[in-house]
Amino acid sequence: MTLQERLSQITRDPTLSPKQKSNFLALEADSSLPYVAVSEPVKQAMESGIIGDMFEGHAPFKPRYVLPDYAKYLQQGSEYLELSPAQNLDEALIALTIIYHHVPSVTNIPVFLGQLDEILLPFCQGLDTESLYRKLKLFWIMLDRTLPDAFMHVNIGPTDNIVCRTILRIDAELKQIAPNLTFMYDPQVTPDELLQVATTNICECSKPHIANYPMHANAYDQRGFGIVSCYNSLPLAGGANTLVRLNLKEVALKAKDINDFFDNILPQYCQLTYELINARCSFLHKESNFFNSFLVTEGLIEESRFAPMFGIFGMAEAVNILQGNPELTESHAEKPSPHYGHHQAANELGHKISKALDTIVKSTPVDYGYNGRALLHSQGGISLDKDVTPGVRIPYGTEPNPIAHIKALAEHHQYYTSGISDILTIDETVKSNPQAMFQLCKGALNLGFREFTANVASNDLVRVTGYMVKLSDIARFKEVGSRTNTTGLGAEAAVNTKILERQPRVVAHEMAPSYAK
Amino acid sequence: MKWRQATRSNANLNKVAIVNQIIPFSCVDGPGSRLVIFLQGCNFNCKNCHNPHTIDLCDSCGDCVPTCPKKALTLIADDNNNRVIWDESLCSQCDICLSVCPKQSTPKTQQYSVREILDLIRSQVHFINGVTVSGGEASLQLPFIIALFRAMQSSPDLSHLSCMIDSNGSLSLNGWQQVLPFIQGAMIDLKAWQQDTHHYITGRGNHRIFSTLKMLAELGKLYEVRLLHIPRVSDFDSEVDAVAHYLTQLPSNVRVKLNAFQHHGVTGEALMWPSCTEAQMRQLANDLTQRGVNNLILPDIYL
């Protein structure tokens, strides 16, 4: 199909809104430009699906994820936006609503909405509980209706405060797809009872994620960090300039044996991954003029706080290939099997691969990075992935019981500084026993989980590749189209990755793929 | 004296149970997240049993051995002592062995000592709030249960875990007296209200169950009463006045859990009985609520 025909088809699509059409048209235009200059081996690795740029576009003119310092913005106002400093909660909420429309990301919708309790608390003095609830509830509804993308992410906790509690109350009540929500947990600071409120919410609507606050905080400097999109942990006042991901399954297929994998093939493809990272960052930082933005001149982001994310996926397949395991089927799930997720030797090989990646990523300089380095990321899959499992996850439908699941993967978590998306599916009996969810969560964090994300099997809201969609929306989507951008991805992911075949399922997802018809 | 204590403690740790299954994470067998040990063997013979292969102990007749498509079963024949050995790593869980078993049993049981169970609990102690023994009928292996719970409570790293029993309530009062010091609570099934109905469903009378309920309630150890509603077979709906009156006399913190009869796993004539719909369940719940029964717990799922 010619470019013109594709564009024409998008303009006529009966299921997309005008805004969604504009987005796809822009993506097509970007993809029609020449790709940033890369070597022949990189081109080949990209064409054969070993490394990929997650459809970020051929000419990266904006960073993948941007995490502005919203606290600073509220305190100082903005010359560019002609706003004086916020004086009360109404002004603060309006100021945030305004700036969200000026924060770019790979999806054009901001992926980070701020550590909202911390930044709003100074404006809540003297406000009664009911007024706060009413104002935040309207704000929450506004977010879901005007920025309908489950990748945009609010952070709350680890302290116990009225904004945090009110947001948890509203989120459980409204059960919206957007925004995504992370609750920071710090055993030194967070009362158990507050964590219990958060884990009870998970039983209601599969949100929030629970982040291991000390573990994330230790990975970054005093200025802090944020959790954005799907479980990406990144420097605050910075972000990710790009995400390039490496398909470990394909890498394993190239290796003669385990030694060849570690000694030759893996380092070789990591090298190509770095070449692509540097090529993409070079365009963004040197040619796109993005860093002339008011976000930079007003001090809300700093160029030096952007890091490339070094993503990996297909760990399960890589381990099974390297060990020569037979093809995995669901009947392996509840019995001893040699497969990744089920057998200690397989799990340990996985941990060894993660450690090797960690060593490479911590020792390889990049042209534009956080402290001169990229950040390792266990990438949660996109809706076009087939026959390859997201990140370091255990393949869908073959997961062992939740405790064995956590124990199999905990060891990986220390290595994935910029996030590791793993999702536990818990059967719906947990709904009437939130204490069980609480205990499972504490157990996971105690064992070194960076993030605890659970999906309750019967909830209408499910995570598809890490963002939320409504099951009922997926059924309706094909008929009439969806108001939310991510449901389209959910429907595509549901078909391609079999995520709904067995149980409401969860893959993680970072990115709108191109128009696929 | 010291020596004798050590020997007794070792003997306790070496006590062995015949285990049908262990579930590391359950949300439905007591408060919070629990490791559940399902012991093999039951003294009831409920027509509606949804896992009848837990009723009898395997007598190693060997009938199942040649039917296994994966050759996971072998018969070891000593002079006077046959044993069927199950190799879990070969098993595909097709359950043909269960369907050919001339008794209501399974070759897929395992023996666990108290010591082995303690190791298992320790390996996941951060994830659970407690341990529940269920069955089959758990109380048939009472010495094992007492040894296990005693050992947990005398171990500083495990003593915070709650210990519960899930039972059909047939244990004698004397038996309960022995185990009560070691449990935080029990979940008791009441299968029917009238003696005749109970006999028809389970093959046994229900006097002992009422005695058990009375004793546990008085001593504050009754966590939950479970009523299985089988429309047109069980009698909680037709006897709702008496049932409700009885339930309201129990301590107010006792959970009353209503279970809906489903066909899953059931064999024999009970498959002819209608399964309980959500509407029927709600009807019974309403009838009980109107008569003052609070603390009702309804099913999460109707299959």
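The sequence lines fix the lettering, A, B, ..., with proteins before strands; numbering per chain opens at 1. Only a predicted model underlies this, so the values are computations on that prediction, with no experimental measurement involved.
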Nearest non-hydrogen partners of [X] and [Y], listed with the distance:
| X | Y | value |
| --- | --- | --- |
| B:Gly30 | A:Asn433 | O-ND2, 3.5 Å |
| B:Cys27 | A:Thr429 | CB-OG1, 3.7 Å |
| B:His126 | A:Asn446 | CD2-OD1, 3.6 Å |

Within a radius of less than 6.0 Å around NE2 of B:His263, do more than 12 heavy atoms belonging to other residues, nucleotides or ligands occur?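 More than 12 heavy atoms, drawn from other residues, nucleotides or ligands, come within 6.0 Å of this atom.
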Can you tell me if CZ on B:Arg122 sees more than 12 non-hydrogen neighbours from other groups inside 6.0 Å?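 More than 12 within 6.0 Å, yes.
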Could you name the residues of residues 111-120 of chain B that have a heavy atom within less than 4.5 Å of a heavy atom in chain A?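 No residue falls under the 4.5 Å cut-off.
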Check whether B:Ile23 gets within reach of chain A through its side chain, its backbone, both or neither, counting any heavy atom under 4.5 Å.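 Neither; nothing under 4.5 Å.
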So do A:Ile426 and B:Phe25 actually touch side chain to side chain, heavy atoms under 4.5 Å?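 When only atoms from C-beta onward are counted, A:Ile426 and B:Phe25 do touch, with a gap below 4.5 Å.
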Taking the side chain as every heavy atom from C-beta outward, state whether B:Ser33 and A:Leu440 have any atom pair closer than 4.5 Å.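 No, every pair of side-chain atoms sits at 4.5 Å or beyond.
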Among the listed options A:Ala444, A:Pro402, A:Gly443, the residue most often paired with chain B at heavy-atom distances under 4.5 Å: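 Sorted descending by pairs with chain B, the first entry is A:Gly443.
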